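Written out below as structure tokens is the structure these notes cover.
Treat the numbers as computed from the prediction; the structure is a model and nothing was measured.
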Amino acid sequence: TIDRYGYIFGVPCVLDIKTGGYHKQAITAQLTGYHRLLSFECGFIPGKHYGLYLHKDGTPELKEFSTDCDLFNACVTINKRFYRERKLNK
């Protein structure tokens with residue numbers, strides 16, 4: 001689920017909050033999916049995409065990420081294949 005979206009200094013943004021660390025490619029794919037969802041379903045087009053990592057000591061670390069449609073599409077393809085295989089093996 002989308003953690004937060006809205007405007008920062010007038011720029012439409014989407015933000016994902018992480019507490020257990022993050023992997024650059026995983027959060028890039030996730031934010032790309034959120035971008036698509038918000039754009040197509042709500043007409044809200046994020047201009048910036050952020051990951052907010054909350055360290056164990058409570059300090060925040062904000063990073064900006066780019067979208068990557070090829071990466072997102074590859075993840076969707078893998079996910080579909082995984083669930084198709086899983087259904088066949090039941």
Side-chain angles (χ1 to χ4, degrees):
T1 56
I2 297 171
D3 290 326
R4 300 283 187 275
Y5 70 97
Y7 294 86
I8 299 175
F9 300 115
V11 178
C13 301
V14 62
L15 176 112
D16 193 65
I17 301 169
K18 299 291 184 196
T19 56
Y22 56 83
H23 188 269
K24 182 183 176 193
Q25 284 77 15
I27 197 166
T28 296
Q30 188 174 9
L31 288 168
T32 301
Y34 293 163
H35 179 104
R36 285 182 162 188
L37 178 67
L38 289 167
S39 298
F40 297 135
E41 296 296 323
C42 304
F44 182 88
I45 303 170
K48 301 275 184 176
H49 310 83
Y50 294 107
L52 177 63
Y53 175 53
L54 301 176
H55 293 273
K56 288 182 180 182
D57 65 1
T59 58
E61 179 183 351
L62 184 67
K63 289 191 176 188
E64 184 176 350
F65 292 86
S66 299
T67 57
D68 186 334
C69 291
D70 290 335
L71 176 62
F72 176 78
N73 290 335
C75 290
V76 169
T77 299
I78 290 168
N79 186 282
K80 285 180 180 178
R81 178 68 184 257
F82 173 78
Y83 282 104
R84 188 177 325 126
E85 291 291 324
R86 192 170 173 192
K87 284 183 180 181
L88 291 174
N89 292 327
K90 281 190 174 183

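- Grouped by direct or indirect side-chain proximity (heavy atoms under 4.5 Å, Ile/Leu/Val/Met/Phe/Trp/Tyr only), I45 sits alone.
- Shown here are the side-chain hydrogen bond (donor to acceptor under 3.5 Å, both in side chains) partners of D57, two or more places apart in sequence or in another chain: T59.
- If you chain together ILVMFWY residues whose side-chain heavy atoms come under 4.5 Å of each other, F72 ends up grouped with V76.
- Under the 4.5 Å side-chain contact rule for hydrophobic residues, I17 and L37 do not share a cluster.
- Listed by first and then second residue, the salt bridge (charged side-chain N to carboxylate O under 4.0 Å, His left out) pairs that reach into residues 4-27 are D16-K18, sequence neighbours excluded.
- With sequence neighbours excluded, the residues that form a side-chain hydrogen bond (donor to acceptor under 3.5 Å, both in side chains) with R36 are N73.
- With values rounded to the nearest 0.5 angstrom, L15 atom CG is found 8.0 Å from L31 atom CG.
- Y34 places a side-chain N or O within 3.5 Å of a backbone atom of T1 that can act as its donor or acceptor partner.
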Would you mind writing out the side-chain donor-acceptor pairs for residues 46-56 within the sub-3.5 Å range, not counting sequence neighbours?
from, atom 1, to, atom 2, distance (Å)
H49, NE2, H35, ND1, 2.8
H55, NE2, E61, OE1, 2.8

Would you give me the side-chain donor-acceptor pairs under 3.5 Å for residues 62-70, sequence neighbours excluded?
from, atom 1, to, atom 2, distance (Å)
D68, OD1, D70, N, 3.2
D68, OD1, L71, N, 3.0

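- With sequence neighbours left out, F44 forms a ring-ring contact (aromatic ring centres under 6.0 Å, His included) with Y5, Y7.
- Listed by chain and number, the residues in a side-chain hydrogen bond (donor to acceptor under 3.5 Å, both in side chains) with T77 amount to none (sequence neighbours excluded).
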